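Below, all heavy atoms of this structure are taken into account, side chains as well, without hydrogens, waters or symmetry copies. These numbers were taken from a predicted model, which means no experiment stands behind them.
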Protein chains: 2
Amino acid sequence: MSDDSETPETAEILREAGLRITRQREAIASVLLEATDHPDAEEILTRARERDASVSQATAYRTLAVMAEKGLLRSHTFDGGSSRFELADRPHHDHLIDIDTGDIMEFVSAEIESLQRKIAAEYGYEIVAHRLELYCRKK
Amino acid sequence: MSDDSETPETAEILREAGLRITRQREAIASVLLEATDHPDAEEILTRARERDASVSQATAYRTLAVMAEKGLLRSHTFDGGSSRFELADRPHHDHLIDIDTGDIMEFVSAEIESLQRKIAAEYGYEIVAHRLELYCRKK
DNA sequence: ATACTTGCAAACCCTTTGCACGTAG
DNA sequence: CTACGTGCAAAGGGTTTGCAAGTAT
């Protein structure tokens, strides 16, 4: 059983963004591909090291930065904590955060999106990006 | 001309929150009272020192923290920069940020607020707090 | 009188960076 | 081969904290 069983997908993702393919980047990209949550840099580093122990903190941060720059992933800063990342291959969505458990749910509301554009337009602006987070507690 | 011409309001605000009144806190509170923008801790410190040069950085942070805790002010972290503060005496609102100039405008949308509650309810949650920021560019 | 606040400086956390070595292309 | 990527360790920015001295109540 080969240990570098990274899906070929990781290499493609990196190549398409014009990035050189390295073991470390593949490890990091595969972590993001498999993540169903919103890990921060430290957590991504931990998981990447399970795939390739040589990944350094500096490389984790640099890779996340370059991937975000190329539009491969999005970063969010909930509540002023550390940055959390997710692949940008999925459609846009906002977040609902359970303030007791830390669970993060994703949602989309075409109505809200549309109202946002309307508001921005009233001020003479167009939206480049937005962030909507609902900090909630179970009823 | 007395130099401690703080509006009596500052003392009241602090007293009502059950906080001891000190020169430093009055200086900080008065900065917030007069601010029409969204200054961060460093800027608040600078302005507070114009009123009372003895205010230290530690006290600025501690006072902002305790005031936020008592509900006297709200803090926002736009874009992952430093925390910005504003008195909580004004009604809730969201923010539209001009990404070119850094200008911050405030807005409210009852419709969006209502949609947010509806979405949270669908997940079985009630909203404790939320954050909506539109990062925009002039059309 | 006494608990709360302060200033100072050190510590913290997350993130970035300079450097010399390593490697993908 | 050469430009780009890497690990290490040090530095950076924003914020917090331990401590002894000061002060509001």
Residue whose closest nucleotide on DNA chain D lies nearer the 5' end, S82(B) versus L19(B):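 Checking each residue's closest nucleotide, the 5'-ward one belongs to S82(B).
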Carboxylate-amine/guanidinium proximity below 4.0 Å for E126(B) and K139(A):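 Salt bridge between E126(B) and K139(A), a charged N being under 4.0 Å from a carboxylate O: no.
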Atom pair distance, as rounded to whole Å: CD1 in I44(A) and P in dT15(C):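 Computing the I44(A):CD1 to dT15(C):P distance gives 10 Å.
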Integer-rounded Å distance: dT6(C) P and I28(B) CD1: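 That distance rounds to 7 Å.
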Value rounded to 0.5 Å, distance of CG in D100(B) from NZ in K138(B):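 Going from the CG atom of D100(B) to the NZ atom of K138(B) covers 9.5 Å.
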Can you check whether [X] has a side-chain N or O nearer than 4.0 Å to OP1 or OP2 of [N]?
{"X": "Y61(A)", "N": "dT15(C)", "answer": "yes"}
{"X": "R62(B)", "N": "dT6(C)", "answer": "no"}
{"X": "T63(A)", "N": "dG5(D)", "answer": "no"}
{"X": "T22(A)", "N": "dT6(D)", "answer": "yes"}

Which nucleotide in dC4(C), dG25(C), dT15(D) has an atom nearest any side-chain atom of R20(A):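 Selected nucleotide (nearest to the side chain): dG25(C).
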Non-hydrogen atoms of V108(A) and H93(A) that approach each other most closely: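 Answer, listing the atom of V108(A) first, then H93(A): CG1-CA, 4.3 Å.
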Side-chain heavy atoms of I112(A) within contact of Q116(A), under 4.5 Å: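 In contact.
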Sugar-phosphate only, base, or nothing, as touched by Q24(B) at under 4.0 Å among non-hydrogen atoms: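 Sugar-phosphate only.
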